[in-house]
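What follows is one structure encoded as structure tokens, with my remarks underneath.
Predicted model, so just to flag it, every value in this text is computed and none were measured.
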Amino acid sequence: MTELRFERPVGDGMLADWQYVHNVIIPTDPLSLDDVRERSGRHHLEVAYLGELAAGCSTVRSAEADDPGTVTVIARILPGHRRQGYGTRLWDRGLARARELGAETVATVVLASNKDGLEFALRRGFTETDRYVLPGDTVAYVELRRPVDAADD
């Protein structure tokens, strides 16, 4: 069995792997490689690999000035790799990073059409706090929050 490994994306090849996973999971808001390069300078990004293939990616966004106790953690696993524990491992890494950043609250954002992602968040004690649709889109994003030290399932 191939072991799951986590890498911070360095170089265009790994950034493209992160981009691919993001764009499969969030088809309503695809990112260019330039967008991903810019995000990699602001956020903590990781790619989850099975062998040489990207199976998932994550983003940890530091707290904003207007909400200093909240860190956003987003874990994405490609549909063919779900329900194998990979999302949990990616989530645990993001949560550990949020704690390192001093989070009191952790937030996440899930595309409303991603039923697996919403179920994953709800099983981990998240509560929906907002829904919004980006200009020109038709599918809502769901914002969810929970205390950083809430028990996971």
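- Applying the salt bridge (charged side-chain N to carboxylate O under 4.0 Å, His left out) test to residues at least two apart or on different chains, the pairs with a partner in residues 99-109 are Arg97-Glu100, Arg99-Asp149.
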CA sep, side-chain torsions, deciding dist, call: Glu3, Arg5, salt bridge (charged side-chain N to carboxylate O under 4.0 Å, His left out): CA-CA 6 Å; Glu3 182 64 28; Arg5 76 177 196 287; over 6 Å; no
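- When hydrophobic clusters are built by joining Ile, Leu, Val, Met, Phe, Trp and Tyr residues whose side-chain heavy atoms come closer than 4.5 Å, directly or via intermediates, Leu53 is not grouped with Leu78.
- Taking hydrophobic clusters as Ile, Leu, Val, Met, Phe, Trp and Tyr residues chained together by side-chain heavy-atom distances below 4.5 Å, Tyr132 does not share a cluster with Leu144.
- Between atom CD of residue Glu143 and atom OG1 of residue Thr129 there is a gap of 5.0 Å, rounded to the nearest 0.5 Å.
- Residues His81 and Leu50 meet the side-chain proximity criterion, which asks for heavy atoms closer than 4.5 Å.
- Residues passing the salt bridge (charged side-chain N to carboxylate O under 4.0 Å, His left out) test with Asp66, sequence neighbours excluded: none.
- Cluster membership check: Val148 shares its hydrophobic cluster with Phe120, using side-chain heavy-atom separations under 4.5 Å among Ile, Leu, Val, Met, Phe, Trp and Tyr.
- The cluster map of Ile, Leu, Val, Met, Phe, Trp and Tyr, joined by side-chain heavy atoms under 4.5 Å apart, puts Trp91 and Leu118 in the same cluster.
- By the criterion of side-chain heavy atoms lying less than 4.5 angstrom apart, applied directly or through intervening Ile, Leu, Val, Met, Phe, Trp or Tyr residues, Val133 is not grouped with Leu31; the two fall into different hydrophobic clusters.
- Of the inter-residue distances, the one linking Glu64 atom CD with Thr72 atom OG1 reads 7.5 Å to the nearest 0.5 angstrom.
- By the ring pair (Phe, Tyr, Trp, His ring centres under 6.0 Å) test, His22 is found to be paired with Trp18, residues two or more places apart in sequence or in another chain being considered.
- Here the shortest heavy-atom pairing between Ile77 and Gly87 reads CG1-CA, 3.5 Å.
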Asn23/Ile25 under side-chain contact (heavy atoms from CB on, under 4.5 Å): CA gap, chis, key distance, verdict: CA-CA 5 Å; Asn23 289 351; Ile25 306 297; over 6 Å; no
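- Residues forming a side-chain contact (heavy atoms from CB on, under 4.5 Å) with Ala54 (at least two apart in sequence, or on another chain): Asp17, Val21, Val47, Tyr49.
- Closest approach of Pro30 to Pro27, counting heavy atoms only: CD-O, 3.5 Å.
- Electrostatic pairing of Arg89 and Glu46 does not count as a salt bridge here, judged by no charged N lying under 4.0 Å from a carboxylate O.
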Verdict with reasoning, Asp67 to Thr105, per side-chain contact (heavy atoms from CB on, under 4.5 Å): CA-CA 10 Å; Asp67 194 1; Thr105 302; over 6 Å; no
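- By the 4.5 Å heavy-atom criterion applied to side chains, Met14 and Arg8 are not counted as neighbours.
- In plain terms, the two heavy atoms of Ala63 and Pro68 that are nearest each other are CB-O, 3.1 Å.
- Taking NE2 of His44 as the reference point, atom OG of Ser62 lies at 10.0 Å (rounded to 0.5 Å).
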Step-by-step side-chain contact (heavy atoms from CB on, under 4.5 Å) determination, Arg76 to Leu90: CA-CA 8 Å; Arg76 303 171 198 89; Leu90 195 57; 5.7 Å; no
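- Put simply, the side chain of Arg146 reaches to within 4.5 Å of the side chain of Val106, judged on heavy atoms.
- Here the options are Arg124, Arg93, Arg123, the test is side-chain hydrogen bond (donor to acceptor under 3.5 Å, both in side chains), and the partner is Thr88; only Arg124 passes.
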Enumerate, atom names and distances included, each donor-acceptor pair closer than 3.5 Å involving a side-chain atom of residues 107-114, sequence neighbours excluded.
| from | atom 1 | to | atom 2 | distance (Å) |
| --- | --- | --- | --- | --- |
| Thr108 | OG1 | Val73 | O | 2.7 |
| Asn114 | OD1 | Asp116 | N | 3.4 |
| Asn114 | OD1 | Gly117 | N | 2.8 |

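- Rounding to the nearest 0.5 Å gives a distance of 12.5 Å between OG1 of Thr70 and CZ of Arg61.
- Atom-to-atom distance recorded for Leu45:CG and Ile74:CD1 is 10.0 Å, nearest 0.5 angstrom.
- Nearest heavy atom pair, residue Leu33 against residue Ala16, reads CD1-N, 3.8 Å.
- No more than 12 heavy atoms of other residues, nucleotides or ligands shown are found within 6.0 angstrom of OH on Tyr20.
- Applying the salt bridge (charged side-chain N to carboxylate O under 4.0 Å, His left out) test to Asp12 and every residue at least two apart in sequence or in another chain returns Arg37.
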